[in-house]
Protein chains: 2
Amino acid sequence: MDTNGLPGNVLDPNCPSRVIFQRIGDKWASLVIQVLGDGPVRFSELRKMVHVVTPKVLTQTLRALERDGLITRTVHAQVPPRVDYELTPMGESLLQPLTLLRQWAESHVPTILEARDTYDEAQDDLLLGSPN
Amino acid sequence: MDTNGLPGNVLDPNCPSRVIFQRIGDKWASLVIQVLGDGPVRFSELRKMVHVVTPKVLTQTLRALERDGLITRTVHAQVPPRVDYELTPMGESLLQPLTLLRQWAESHVPTILEARDTYDEAQDDLLLGSPN
DNA sequence: GCTATCAGTATCAAATAGATACCTTCGTGT
DNA sequence: ACACGAAGGTATCTATTTGATACTGATAGC
């Protein structure tokens, strides 16, 4: 009963597509992929561009993306070390849907901020006892 | 200049678009929105459809989505209570980019699972001392 | 031999998610 | 009259994740 004729259902917790869907939506993973969209970037550069992420978490994110075949990790044998991260073709194919989502987010910022204000005011009124 | 002519930059932690981008990518929020794509759904139905989510976390998710103006919460005064959640027009506008992402995930499941196997085997070899 | 660079680990504290039990209201069954 | 069940949550406690901070190891330059 899925909506697009493909196997897989993100609503089924046993379906790998759900795991993958959630990896994409990961707080840092999606940002990293978008940064890598412009070409290979080394670890320390990534840290600066996707600020503020701690090295531990960035490493975890990168390892997970590498494991899933979305990025490659290239170690250059030099001192100090240089490690480049780069999108694989599959990683690049993710760029477009991710960009659409980012554009959606950016274009709806004002509306959402407004909705929050309205909501928060209503909550305040409830707490204070609204003047009804 | 950013890549789409809009203000906002998801890479800037001070930019609200980043917060919003990450709310969309939230583990449960994106699933809830896709479920609501077919029309209003009540709390207990949501729990069943997006299984397995605990009531506390589902409530948190729904409140956050409501606050951001992506869904509405309608309480019907009856016993036992009935509460319907429904997408707002803005919530509906998110459906399409989200669907693209889901389709991407579903169509890349086999490739990603394969990449994982390859990666994990390579890791095992490292640990065991590869037969070289 | 002191210092800096880079790509990370290690360690510990804080925030978040999850499991489980419980609450409220009222109609129905006994 | 009394308990029960339904729906939509909350309260409480624990487990997992995240994050802050300090540190490592190799080497080149001073």
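Lettering of chains follows the sequences in order, A, B, ..., and the numbering in each one begins at 1.
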Return the value, rounded to whole Å, for the distance between atom CG of B:Leu58 and atom P of C:dA19. 13 Å
Atom-to-atom span, CD of B:Gln78 to P of C:dG27 - whole angstrom: 12 Å
Close side-chain approach of A:Met90 to B:Thr111, heavy-atom, < 4.5 Å: yes
For a side-chain contact (heavy atoms from CB on, under 4.5 Å) check, start with the C-alpha distance between B:Tyr85 and B:Leu65, then their side-chain angles and the critical distance, and finish with the verdict. CA-CA 10 Å; B:Tyr85 292 92; B:Leu65 289 174; over 6 Å; no
Do B:Thr72 and B:Glu66 make a side-chain contact, defined as non-hydrogen atoms from C-beta onward lying under 4.5 Å apart? no
Between the protein and nucleotides 4-10 of chain C, which nitrogen or oxygen pairs come in under 3.5 angstrom?
residue	atom	partner	partner atom	Å
C:dC6	O3'	A:Arg42	NH2	3.1
C:dC6	O3'	A:Pro81	O	2.8
C:dA7	OP1	A:Arg42	NE	3.1
C:dA7	OP1	A:Arg42	NH2	3.3
C:dA7	OP1	A:Val83	N	3.0
C:dA7	OP2	A:Ser44	N	2.9
C:dA7	OP2	A:Ser44	OG	2.7
C:dG8	OP1	A:Arg73	NE	3.4
C:dG8	OP1	A:Arg73	NH2	2.5
C:dG8	OP2	A:Tyr85	OH	2.7
C:dT9	OP1	A:Arg63	NH2	3.2

Euclidean distance, A:Ile24 CD1 relative to A:Leu101 CG, rounded to 0.5 Å: 10.5 Å
Heavy-atom distance under 4.5 Å between the side chains of B:Asp84 and B:Arg42, does that happen here? yes
Quick one: is B:Trp28 getting a side-chain N or O under 4.0 Å of the C:dG18 phosphate, OP1 or OP2? yes
Going through the distances and angles, do A:Arg67 and B:Asp120 end up as a salt bridge (charged side-chain N to carboxylate O under 4.0 Å, His left out)? CA-CA 8 Å; A:Arg67 183 169 105 105; B:Asp120 290 347; 2.6 Å; yes
Round to a whole Å and report the spacing from CG of B:Asp26 to C1' of C:dG18. 14 Å
Give the rounded distance in Å between these two atoms: NZ of A:Lys27 and C1' of D:dT18. 8 Å
